[in-house]
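Notes to accompany the following structure.
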Number of protein chains: 2
Amino acid sequence: MSVEDGIDFAIIELFFFAYRDFTSDPDQILADYGFGRAHHRVLHFVSRRPGLTVAELLDVLKITKQSLARVLKQLIDTDHVVQLQGPRDRRQRELYPTAKGRALALALARPQSRRIHAALGDSGITERTLVERFLEAMVNPELRAQIDVGSAKMSGKSHGEH
Amino acid sequence: MSVEDGIDFAIIELFFFAYRDFTSDPDQILADYGFGRAHHRVLHFVSRRPGLTVAELLDVLKITKQSLARVLKQLIDTDHVVQLQGPRDRRQRELYPTAKGRALALALARPQSRRIHAALGDSGITERTLVERFLEAMVNPELRAQIDVGSAKMSGKSHGEH
DNA sequence: GAGATTATGTCAGTACTATTGACGTAATTT
DNA sequence: AAATTACGTCAATAGTACTGACATAATCTC
């Protein structure tokens with residue numbers, strides 16, 4: 001059953017193929033904007049957690065601020081994201097999606113969501129929590145705090161018009 | 001339930017986090033060899049499908065031959081992979097892992113497999129086929145032929161010593 | 001209040017992975 | 001004999017990431 005040497009090659013490989021195709025959907029859309037996968041990730045988390053700070057974003061993405069700089073600057077310059085001075089701490093920059101940014105984030109998420117729904121249907125899995133539990137268990141325990149399934153909101157207000 | 005706008009943000013995000021950590025295990029080992037993720041993928045598929053040709057490998061990885069060239073050359077120079085002239089068509093180069101290559105491929109797969117087993121246990125999923133079916137359904141239908149769960153073998157002979 | 005620390009931004013240099021385009025060679029097919 | 005195929009290679013470019021260094025403004029600490 002391809003568990004020779006006690007290694008689960010089947011799921012290792014399936015995970016590679018699944019992720020490859022999972023990211024291919026938004027990649028095509030992003031190309032139209034001259035954006036890459038890095039822009040997608042930033043836009044996604046800014047939309048998911050409106051008001052998060054630069055430091056929090058770096059922590060979630062696990063990249064350096066120098067890597068974020070270019071991508072974030074482009075998203076700001078193209079009016080997809082805005083920065084607001086932190087209310088408590090004025091050194092902080094709270095990141096918010098604009099209406100334009102939220103629209104793009106949604107457009108990118110739509111085909112991925114469709115793929116997920118289709119996969120759940122095709123595989124005959126009625127309990128989505130099964131997949132959620134498995135994926136969450138794949139994440140490093142000390143990093144699970146970053147995941148707030150359900151609590152984060154994407155329907156929050158954007159800051160495109162003031 | 002974070003399915004606002006009809007979008008399944010929960011699984012989208014979990015998939016990102018899960019894959020991020022899934023690849024972090026081998027990344028650390030690869031760094032010791034001066035290799036990157038690209039080397040891992042090549043080594044994995046050469047080990048999984050010993051004897052596959054360059055063209056077949058390009059098709060699985062979905063990259064160009066120019067991208068493959070550098071990575072493959074390094075794996076050959078460091079004695080992880082060997083090329084044999086195709087028996088039927090002498091233009092082809094069949095790729096095989098050496099004993100050294102197979103050992104590295106195994107070392108890279110081990111922590112990933114451990115993570116998968118732990119995740120299955122933690123999430124209380126007793127039927128591994130559930131996850132396999134879901135992941136396979138996430139792959140583009142026209143590309144599922146590339147997946148031969150169970151048929152490919154990693155315990156095949158390597159070509160390190162002749 | 002002075003000094004240390006924090007949050008962010010930016011400059012410079014480098015590495016890895018990927019791309020397109022072009023050209024060459026040997027082997028196979030027509 | 002000519003066309004096609006499989007592979008290799010050279011050159012230029014792009015996207016994403018890194019380390020290290022330095023600057024500025026705001027906050028915290030003594």
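Side chains included, hydrogens not; waters and symmetry mates left out as well; all remaining heavy atoms used. A note on names: the letters A, B, ... follow the listed sequences, proteins ahead of strands, and every chain is numbered from 1. Computed from a predicted model, the values in this text were never measured in an experiment.
The two residues P87(A) and E94(A) have their closest heavy-atom pair at CD-OE2, 3.2 Å. Taking every heavy atom of both residues into account, L57(B) and V46(B) meet most closely at CD2-CG2, 4.4 Å. The shortest non-hydrogen separation linking I7(B) to A109(A) is CG2-CB, 3.7 Å.
Taking 3.5 Å as the limit, the base of dG9(C) and the side chain of Q66(A) contain no donor-acceptor pair of atoms between them.
Atoms CG (L84(A)) and P (dA7(C)) sit 19 Å apart, rounded to a whole Å. Here the C1' atom of nucleotide dT17(C) and the CZ atom of R20(A) are 17 Å apart, to the nearest Å. One interatomic measurement links the two molecules: CZ of R93(A) to C1' of dG9(C), which rounds to 9 Å at whole-angstrom precision. Rounding to whole angstrom units, NZ of residue K65(B) and C1' of dT20(C) are separated by 12 Å.
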Check the interface with nucleotides 28-30 of chain C: list each N/O to N/O pair with the protein under 3.5 Å, or write none.
{"residue": "dT28(C)", "atom": "OP1", "partner": "R90(B)", "partner atom": "N", "Å": "3.1"}
{"residue": "dT28(C)", "atom": "OP2", "partner": "R90(B)", "partner atom": "NH2", "Å": "3.4"}

Tabulate atom names and distances for all N/O pairs under 3.5 angstrom spanning the protein and nucleotides 14-16 of chain C.
none

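For R128(A) and D8(B), the salt-bridge test passes: some basic side-chain N is under 4.0 Å from an acidic carboxylate O.
Taking only side-chain nitrogens and oxygens, T64(B) never comes nearer than 4.0 Å to OP1 or OP2 of dA18(C).
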(message) side chain to side chain donor-acceptor pair (under 3.5 Å), that's the test. Do E13(A) and H44(B) meet it? Break it down for me.
(response) CA-CA 9 Å; E13(A) 211 167 291; H44(B) 169 87; 2.9 Å; yes

(request) Before giving the answer on side-chain contact (heavy atoms from CB on, under 4.5 Å), spell out for E56(A) and Q146(A) the whole-Å C-alpha distance, their side-chain angles and the decisive distance to 0.1 Å. (result) CA-CA 10 Å; E56(A) 286 166 350; Q146(A) 296 180 339; over 6 Å; no

(request) Check the pair H40(B) / I29(B) against side-chain contact (heavy atoms from CB on, under 4.5 Å), numbers first and verdict last. (result) CA-CA 10 Å; H40(B) 184 190; I29(B) 299 170; over 6 Å; no

(request) Might you work through the side-chain contact (heavy atoms from CB on, under 4.5 Å) test for H39(B) and V42(B), ending with a clear yes or no? (result) CA-CA 5 Å; H39(B) 300 84; V42(B) 170; 5.9 Å; no

(message) Run the side-chain contact (heavy atoms from CB on, under 4.5 Å) test on Q83(A) and I76(A) for me, step by step, so that the C-alpha distance in whole Å, both residues' side-chain angles and the decisive distance to 0.1 Å come before the verdict.
(response) CA-CA 8 Å; Q83(A) 290 180 311; I76(A) 291 168; 3.6 Å; yes

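Residue order along DNA chain D, read from the 5' end via each residue's closest nucleotide, puts A55(B) first among A55(B) and Q74(A).
Aromatic ring orientation, F15(A) versus Y19(B): tilted (interplanar angle from 30° to 60°).
In this structure, the ring of F22(A) has its center no less than 6.0 angstrom from the ring center of F17(A).
Interface limits on DNA chain D: the 5'-most and 3'-most nucleotides within less than 4.0 Å of chain B heavy atoms are dT5(D) to dC10(D).
K73(A) comes within 4.0 angstrom of nothing in the nucleic acid, heavy atoms only. Residue-level contact check: Q83(A) touches the backbone only, with heavy atoms under 4.0 Å from sugar-phosphate atoms and none from bases.
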